[in-house]
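Written out below as structure tokens is the structure these notes cover.
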Amino acid sequence: LFNYFVSKSKQFKDNPVVKALVCVVNCCLWCLEKVIGYINKNAYIMSATHGYGFCTGAWKGFMLLMRNILRVAAVNVVAVAILFFGKAFIALSTLVVSYLIATTYANDLNLQDGPPFLSLFIILIMAWYVAS
């Protein structure tokens, strides 16, 4: 909604102060949206598991997170690490299997330089994105 009004106001289009202000307001609105989305998710969880109303669930979920902030941070860090290593394992195991298949068939296809490494690199990139 804010961006709509900014795009419709032609008189301030070339003003650098207004551009900077719009950038700051957009950043603040983005942060507010993320915070509200996070609180909203926790409110629904508390409402569903304990039968609270939305506002009570939001408050109790927020307080639960604040009481256990170090545990939440630790779980988030560990989850990111596990996801990264899982993606790396999937991508590298796909690369190894592709390499073994390529070396097996390189002689059958009369490839003098061995397996095609560009194809293996593309397979690695595609495996990473599929794992993501």
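Computed from a predicted structure; not experimentally measured.
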Where [X] and [Y] come nearest, the two heavy atoms and their spacing:
| X | Y | answer |
| --- | --- | --- |
| S47 | G53 | OG-O, 3.4 Å |
| Y52 | G57 | CB-N, 3.8 Å |
| T103 | L100 | OG1-O, 3.0 Å |
| L120 | A102 | CD2-CB, 4.5 Å |

Cluster check W30, V22: I/L/V/M/F/W/Y, side chain < 4.5 angstrom: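 No, no single cluster joins them.
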Path from F117 to L95 over hydrophobic side-chain contacts below 4.5 Å: yes
By ring-ring contact (aromatic ring centres under 6.0 Å, His included) - contacts of Y99 (at least two apart): none
4.5 Å side-chain heavy-atom contact, N42 and I45: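 A side-chain contact exists here, since the closest heavy-atom pair is under 4.5 Å.
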Atom pair CD1 (I122) and CD1 (I125), whose distance is rounded to the nearest 0.5 Å: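 One gets 9.0 Å once the value is rounded to the nearest 0.5 Å.
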From CD (E33) to CG (N26), nearest 0.5 Å: 11.0 Å
Over 12 foreign heavy atoms within 6.0 Å of OH, Y44: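 Open: at most 12 neighbouring heavy atoms sit under 6.0 Å from OH of Y44.
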Within 6.0 Å of CH2 in W128, more than 12 heavy atoms from elsewhere: yes
Please list every donor-acceptor pair under 3.5 Å in which a side-chain atom of residues 66-91 meets a protein atom from a residue at least two apart or in another chain.
{"unit_1": "N68", "atom_1": "ND2", "unit_2": "L64", "atom_2": "O", "d": "3.1"}
{"unit_1": "N76", "atom_1": "ND2", "unit_2": "V72", "atom_2": "O", "d": "3.3"}

